[in-house]
Structures are given as C-alpha cells and as structure tokens.
Amino acid sequence: MPVRGLDEAPAPLGSLGLEPEVEAILAAQGITSLYPPQAEALPHILAGRNLLLSCPTASGKSLVAYLALLRAVRAGRTGLYLVPLRALGQEKAEELGAFEPLGVRIGLSIGDFDLPAEKLEKLDLLVATSEKADGLLRRGSPWLDRLGCVVVDEVHLLRDPERGPTLEVTITRLRQRHPELQLVALSATVGNAAELGEWLDARRVESEFRPVPLRQGVYHGGRILFSDLSTRALAPPGDAMPRLVRTVIEEGGQALVFVNTRKGSEQAAQLLTGTVRPLLTREERAGAAAAAAELEGLGEEETEGSRRLAELLPHGVAFHNASLTNPERRVVERAFRDRRLKVLAATPTLAAGINLPARRVIVRDTTRYDDRLGMNSPISAGEVQQMCGRAGRPRFDSTGEAVLIARSPEEEERYLDQYLSAPPEEVVSRLAAEPALRMHLLALVASGDVTNEAELERFFAATFYGQTLPMSELVAKVRTVREYLTRHGFLVPTEELRATPFGRLTSDLYLDPVSALLLREAIEKAPLGVSPFSLLAALAQTPDLPPFYLRRGDLPHLLERFAEEQQELLIQPGASDGVTEELELFLAGLKTAESLEQWTDEVPVLELTRALGIGAGDLRSKVEDAQWLLFGLSRIAATFRPALRRTVDELALRVQYGVRTELLDLVRLRGIGRVRGRALYAAGYADRESLRAAPLARVAAALSSTALAETVLRELRPPRPGSARASTGAPSVPPVQDPPAPTKGGRDRRRPSLEEYSDS
DNA sequence: TGGTTGATACTATAGACAGCATGTC
DNA sequence: CTATAGTATCAACCA
C-alpha cells in the first residue's frame with residue numbers, strides 16, 4: 001500500500017477512465033489510488049496533451065509517464081522514454097515490464113545493452129538515453145515512424161553543460177519530425193516551469209507533494225533544527241554522524257550519508273561500523289554477511305573495492321562510489337534495499353542515479369573540490385536538494401528526514417538560508433557551447449534534416465535556446481563551428497549545407513568531430529607495423545577519451561616513456577618549454593594509454609588499479625570508452641587506411657577482453673575471460689580446437705571447477721549438431737560469467753518482482 | 001647512536017554518454 | 001576567489 005501524505009486525499013483509481021486491464025496491473029502492485037499530482041496530470045495524458053510535470057523526486061511521476069506511453073501503444077503507436085543515465089534506463093525498463101501482460105513489447109537501448117534492428121522493429125516501447133535517441137534520429141531509424149509519445153525524464157538536465165544540449169536537440173528534432181507527438185516532460189521542481197512549459201507547448205502540473213513527507217534540517221550541537229524552526233534533540237553520546245546514524249537505526253530506519261570524495265565515503269563507512277554493528281539483530285547480521293558473500297559470487301577478477309566492501313558489509317555498512325564496478329554497486333544497492341544494510345556512505349553517484357531512498361539522509365559535506373578553481377567550492381542548492389530528496393522510504397517510513405551537518409552556529413544558519421530555503425533553480429539552455437554545436441550541427445546536416453541556412457535558422461529558433469535567449473551569440477557560434485567543419489572536411493564547402501562522406505561517418509559513429517579528425521590523422525600517419533601503444537596513445541589524445549588524473553609522482557616515469565616513444569607517437573604534443581599545462585594533459589593521455597596497454601597485457605586488475613590509484617570501475621569505464629573509439633577508428637581506417645583495419649580490429653578485441661593476442665580465440669568461449677583464458681593456455685590449450693578433445697578432468701583442473709569445465713566443453717562439443725548454443729544453459733550448471741566482457745559488466749536482468757516495482 | 005616526536009610540505013580530490021551484435025534461470 | 005585530510009619528509013629532540 002502506498003503511504004500517502006497526511007493532508008492530501010488520494011484519488012481512487014476506479015473513476016479515472018483507465019482501462020480495466022491497466023487498473024488490474026496497477027492493483028497488483030498495490031496501486032489502487034493516485035496521488036494528487038498524478039490525478040491532476042491524468043486527464044491531460046488521456047486527452048493526448050503535452051504535459052510538463054514538475055514535482056519532487058519519488059512522487060510518482062513515472063507512473064503518469066507510463067500511462068501516457070501505454071495510451072500511445074493502445075492507439076497503435078510507439079512510445080519512447082528518454083533517460084539521462086543508463087542505470088535509470090534499466091530501472092525504468094524493468095518497471096515497464098509490469099505491463100508486458102498487456103502485450104506491450106518493451107526494449108532498452110543504452111550504450112552497453114542494445115538491440116539489433118530487427119528486434120527494435122517489433123517494439124512498442126523503447127527506453128533509451130537521449131544520446132541513443134539522438135542516434136536513432138541521425139540514422140533516420142524507421143522505428144521512429146510510428147512514434148506517438150515521448151517521455152523526457154529529468155528534463156531539467158537541459159541545464160547540464162555537457163549533455164543538456166543533446167537533450168535539447170533531441171527533443172527539438174523529435175518534435176519537428178512528429179508534429180502530432182505527445183510530449184510528457186518530467187522534472188524536478190524548477191524556478192521557471194512556466195518558461196519551460198511554454199517551449200514544450202505543454203500544460204503544467206506543479207506540486208510539492210511527496211508520498212512520504214520530508215523534513216529538512218541542520219544538525220548542530222546535539223539537535224536538529226528543522227526548516228520549520230522546530231527542533232529535535234538526539235540522545236547522546238556521539239559525534240554528529242554516529243549520533244544521527246544511531247538514532248535513526250534505533251527507530252528502525254536506515255541512513256544514507258552523502259560525502260564529497262570517494263575516500264570520504266569509505267572512511268565514513270569505516271567509522272560507522274562501530275556504531276551500527278551493535279544495533280544489528282542476529283538476522284540482520286546474517287543478512288549483511290550474506291551480502292558480503294555475494295561479492296565473491298560475482299565471478300569478477302579480484303578488486304580493491306570488493307575487498308573493502310567485504311570487510312564492511314558484515315557490519316551493516318557500505319560505501320558507494322564510481323570506483324566500484326557495476327556488479328559491486330548492484331550488490332550494495334540490493335542489500336540496502338533489502339534493509340540488510342543500515343547505512344550507505346555515498347558520493348553523488350547515488351543522488352542523481354537510481355532510486356534508493358532511506359529514512360534519514362545525512363549531508364556531511366556541502367563543498368566539493370573544483371579542478372578549475374584548485375580548491376573546494378560550495379555545491380549548488382539544487383544538488384543539496386537532490387540529496388535531501390532521497391529521504392523517506394515508501395512503505396517503511398512515515399516521514400523522511402534530511403539533515404545537513406553544521407560545524408558552527410553560523411554554519412547552521414547559513415545552511416538553513418542557502419540550502420534549505422533556497423528557491424528552486426532555473427533551467428537555462430546550454431546549447432551555445434561550441435563542442436556541443438560541433439556535434440549537433442554536423443549531425444543535423446549529415447542526416448539531411450537541414451540543407452540550407454534558412455532551415456538551420458528555423459531549427460535553432462525552435463530550440464529552448466531560441467525560445468528564451470537572444471540568438472546573436474548562438475548565431476555567431478554556429479558560424480564559427482560551420483567554418484571549422486568545412487575547413488576540416490566534414491562539410492562540403494558550398495552555399496548549400498551538405499556533409500562529406502567523412503562528415504557522415506563521424507556523425508554516424510557519434511564521435512566529436514575533433515576526435516574524428518585526430519583519429520583520421522593518426523591512422524593515415526601510422527606505419528604498417530604500428531604498435532598497440534601508439535594507437536592507444538592516439539585515442540587518449542581525443543576529447544572522447546578523457547584521461548586519468550595525473551599525479552605528481554607519475555611525471556618522471558611518463559616523461560621517460562614519452563622520450564622513448566616520441567618517434568612512434570602518431571599525435572604529438574604542441575611544442576613548448578618545460579612541463580606546461582598542455583604537456584601535462586598530453587602526459588595524462590600517455591598514462592591512460594599505458595593503463596590500457598597493461599590491461600591488454602593481462603596485468604591483474606588489482607595490481608593495475610593500485611599502481612594508478614584508480615578504482616576497478618574507473619578502469620572498466622575507460623576500457624569501455626576505448627573500445628567504442630576503437631570501433632570508430634576501425635571504420636575510419638576502412639576508408640582512409642584499409643591496410644590497418646585488421647590491426648585496429650584485433651586491438652579492439654584485445655581491449656574488450658583485456659588479453660594478449662594469443663588468447664583471442666579462447667576468450668570467445670562463454671564463461672572464459674582473461675583470467676581463465678590464461679589458465680587454459682598455461683595448461684597447454686592454446687585455442688578452442690585443442691580444447692575440443694581435452695579430457696574433462698584436465699580442463700577442470702585448469703579452471704579449478706568441474707562445473708565450469710563441463711559448460712565449456714559442452715559448448716565445444718554440442719550433443720546435437722546445430723544446437724550448440726541452446727544446450728549451454730543446462731539447468732545443472734549455473735551460468736558463470738567470469739570475467740565478463742568489460743562493457744557488459746554482467747548486469748542483472750532478472751525480472752523484478754511486483755513488490756519491487758511499487759517501491760518507486 | 002637510534003628512535004620518537006612534531007612541524008611542515010606535499011598530494012589528491014564526483015560522475016559517466018556514445019557503435020555494433022547478442023543472450024539466460 | 002571559499003578546503004581539508006591523509007601521508008611523506010625532515011629536523012629537533014630525547015634516552
């Protein structure tokens with residue numbers, strides 16, 4: 001049963017004009033009535049009108065969106081759900097899965113989990129990141145032809161300087177392509193909803209409603225001062241954090257602690273073990289220990305994060321940040337959701353990401369290091385609100401508490417004013433950023449949607465930027481960018497706007513033109529026997545592969561390597577005296593290339609990450625980036641340097657699996673990654689062919705697992721010809737993915753129970 | 001001489017999208 | 001511009 005606000009009456013479901021089948025599915029999730037904002041939004045949805053729904057997080061916005069999408073499907077159209085984060089996409093796709101009994105076919109299109117075109121064609125609903133949707137538009141995907149409804153989740157992210165422009169362009173393009181489209185935009189509370197609603201030509205529903213009421217306050221000197229000026233004393237003993245944590249656990253709740261560094265998240269977790277452990281019941285202790293055991297069952301190569309988590313989890317405490325691997329994060333998230341964990345100390349990963357609320361949110365830090373400034377600076381009120389918004393767990397908490405920790409009376413007052421009473425932020429367009437314009441101008445032209453100056457103007461006039469800001473700055477930037485694209489061979493130098501083949505390729509590959517240019521230069525220049533390192537170093541000079549952070553201590557070694565390899569480098573740094581900022585950036589690229597080189601040399605993850613001072617999650621994401629760029633490089637090589645294409649493809653595979661060349665054959669086996677592949681190789685099995693006749697016992701010995709050996713051999717020796725694949729998943733053998741291919745992090749595709757749906 | 005203590009300097013700092021082709025209990 | 005915690009370095013000091 002959804003918990004509702006105390007003073008607002010829910011609207012019973014029966015009278016709202018929903019189809020009985022839909023109502024039945026909702027009822028099965030325990031949804032028998034709608035929250036006030038949902039009820040207010042529904043008539044607009046059912047009338048096919050555009051809608052901007054701005055409410056706090058977790059106030060049931062998604063449900064409204066789902067109903068809009070269903071309506072489109074019922075009318076024989078398709079629906080698109082745009083999300084800003086992959087993890088969010090998975091969450092939404094799983095939730096939408098509840099409607100599959102209605103015959104609705106749902107798919108997910110995100111970077112590391114995509115569908116082949118034939119399957120896409122059959123889908124009624126697609127959940128996609130805005131970049132993926134942009135990609136569909138660029139390629140003129142026929143799936144879009146029947147589009148009837150688009151949901152834009154977290155539309156306030158239009159103000160994100162990096163990815164906001166993509167969202168803005170995607171929305172504008174979708175609307176131009178489908179004038180009859182129903183647009184449903186979901187947003188946090190924003191200062192200028194009216195302006196945004198006007199651009200979207202949408203009715204507005206704004207509300208502060210929360211299913212679980214939220215109290216926000218500042219902790220100082222043993223008590224919380226709430227924004228309504230009431231106070232609450234917390235029983236001693238203990239410093240701020242332990243006390244806030246202890247008291248909420250004693251009342252049966254959980255705590256989410258937000259900190260500003262990764263290290264801080266680990267330390268906070270460590271610090272709180274002493275507070276939490278004594279408060280656990282025997283069952284809880286067992287559950288927490290089981291979570292620790294899950295980490296081992298992940299089948300991942302050993303990581304630092306896994307070790308530290310394993311130490312913390314039995315105490316009912318964990319940390320969560322981007323240095324963790326995706327499967328590791330999932331274990332932590334699940335344990336917290338199951339309430340086996342009492343406290344989670346997290347960096348902002350969790351604030352913007354998936355829905356993981358707790359009764360009490362503790363905001364420990366209100367500043368964060370800013371690289372450009374070289375020091376800490378205060379985080380925005382919006383960001384603090386976002387963290388606070390995670391307080392209050394439906395079904396388990398009657399109210400949520402968000403508490404900032406102040407270190408002085410002055411700070412207490414400042415937090416109250418600056419953060420808790422701050423007006424919501426305004427959404428502004430960031431479209432005039434040159435890197436964004438480079439990509440999108442090229443895409444507009446390459447897709448043929450814009451063929452001349454007039455159409456270009458019409459397009460930009462239709463954007464949020466065009467609707468809200470003076471066009472002069474944008475026009476000037478567009479001119480600069482157009483010149484750049486023409487000068488470097490992306491656009492044909494004529495009056496009409498037309499892309500060259502290279503321009504189209506760049507757009508299709510979703511590359512930043514600057515990257516495409518560097519890659520082209522590198523591959524054209526490369527000798528036949530070009531080394532993997534040289535190719536990786538070229539990738540790492542590209543804006544699409546941001547380098548690892550450069551530490552002082554890295555400098556001597558990198559300068560040495562630079563001197564060694566200078567002749568071989570395909571992209572050279574600009575000439576300069578001494579170690580300038582520019583050279584440092586270049587060296588950071590070398591460091592990144594070197595880490596990828598070691599990955600492909602089978603250096604153990606644990607060793608590699610320690611040497612670089614990074615997390616396994618960072619390595620994974622860098623590997624993913626590199627893999628994607630190598631695919632692009634391969635396509636560019638196909639045009640400009642066919643002789644090197646195979647070299648690039650081989651490197652791409654090596655990067656994908658993290659192996660030397662000789663393991664490339666073995667690693668194609670299901671369940672065999674870099675570690676097991678090497679073990680088989682060392683046992684004398686150099687390829688799949690040599691394994692085929694191998695005795696089970698020896699393979700089992702090499703893999704230290706009979707079950708796994710059976711699976712592997714079964715794949716090689718299909719019992720019935722032609723059904724090799726079908727037979728690999730015999731019920732007696734659990735699927736073991738180790739180590740998983742880097743991009744596929746072994747995500748959890750289990751169908752969630754209905755109970756889990758009703759959580760959001 | 002060897003070891004401890006303490007002042008001082010140094011170091012590092014959140015997050016995460018994209019191509020393509022495919023698959024389980 | 002509005003930082004801070006952890007660690008490495010080194011000199012002063014003590015037994």
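No hydrogens, no waters, no symmetry mates; every other heavy atom, side chains included, goes into these values. These numbers come from a predicted model, not from an experiment. Throughout, a chain's letter reflects where its sequence line sits, starting with A, and its residues are numbered from 1.
- A donor-acceptor contact under 3.5 Å is not formed by the side chain of A:Asp134 with the base of B:dA18.
- Checked for salt-bridge contact, A:Glu266 and A:Arg262 miss the test: no charged N lies under 4.0 Å from a carboxylate O.
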task: Show your working on salt bridge (charged side-chain N to carboxylate O under 4.0 Å, His left out) between A:Asp134 and A:Arg163 and close with a plain yes or no.
output: CA-CA 12 Å; A:Asp134 187 21; A:Arg163 297 181 50 213; over 6 Å; no

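- A close approach under 4.0 Å does occur between a side-chain nitrogen or oxygen of A:Thr349 and OP1 or OP2 of B:dG15.
- Taking 4.0 angstrom as the limit, A:Gln267 places a side-chain polar atom (N or O) nearer than this to OP1 or OP2 of C:dG6.
- Remark: A:Arg551 CZ is packed, more than 12 non-hydrogen atoms of other residues, nucleotides or ligands lying under 6.0 Å away.
- At a threshold of 4.0 Å, the pair A:Arg430-A:Asp160 does not count as salt-bridged, since none of the basic side-chain nitrogens sits closer than that to a carboxylate oxygen.
- The partner of B:dT24 is absent, by the rule that a Watson-Crick or G-U pair needs both atom distances under 3.5 Å.
- The phosphate of B:dC17 has neither OP1 nor OP2 within less than 4.0 Å of any side-chain N or O from A:Arg163.
- Using a 4.0 Å heavy-atom cutoff across all strands shown, A:Gly632 reaches no nucleic acid atom at all.
- When each of A:Val259 and A:Tyr510 is assigned the nucleotide of DNA chain B bearing its nearest heavy atom, the one mapping closer to the 5' terminus is A:Val259.
- When the side-chain nitrogen and oxygen atoms of A:Arg86 are compared with OP1 and OP2 of B:dA18, one or more of them lie within a distance under 4.0 Å.
- Straight-line distance between the C1' atoms of B:dA14 and C:dA3: roughly 16 Å, to the nearest whole Å.
- Note on A:Leu85: only backbone sugar-phosphate atoms sit closer than 4.0 angstrom, heavy atoms only; bases stay farther off.
- Minimum atom distance to the side chain of A:Arg635 is reached by B:dC20, of the listed B:dG15, C:dA3, B:dC20.
- The partner of C:dT4 is B:dA12, judged by Watson-Crick or G-U wobble contacts that both fall below 3.5 Å.
- Atom CZ of A:Arg414 and atom P of C:dT2 are 12 Å apart (whole Å).
- A cation-pi arrangement is present between A:Arg138 and A:Tyr510 under the rule of less than 6.0 angstrom and at most 45 degrees off the ring axis.
- Side-chain nitrogen and oxygen atoms of A:Thr129 include at least one within less than 4.0 Å of the OP1 or OP2 phosphate oxygen of B:dA18.
- Base pairing analysis places B:dA18 opposite nothing; no Watson-Crick or G-U wobble pair with both distances below 3.5 Å involves it.
- Here A:Trp628 packs flat against the base of B:dA18; its ring centre is closer than 5.5 angstrom to the base's six-membered ring, tilted by less than 30 degrees.
- For C:dA3, the OP1/OP2 oxygens have no side-chain nitrogen or oxygen of A:Thr367 closer than 4.0 Å.
- The partner of C:dC10 is B:dG6, judged by Watson-Crick or G-U wobble contacts that both fall below 3.5 Å.
- Nearest-nucleotide positions on DNA chain B for A:Asp508 and A:Met375 put A:Met375 closer to the 5' end.
- The CG atom of A:Leu555 sits 10 Å away from the P atom of B:dA12 (whole-angstrom rounding).
- Rounded to whole Å, the separation between the C1' atoms of C:dT2 and B:dT13 comes to 16 Å.
- Side-chain N/O atoms of A:Arg368 include none lying less than 4.0 angstrom from OP1 or OP2 on B:dA12.
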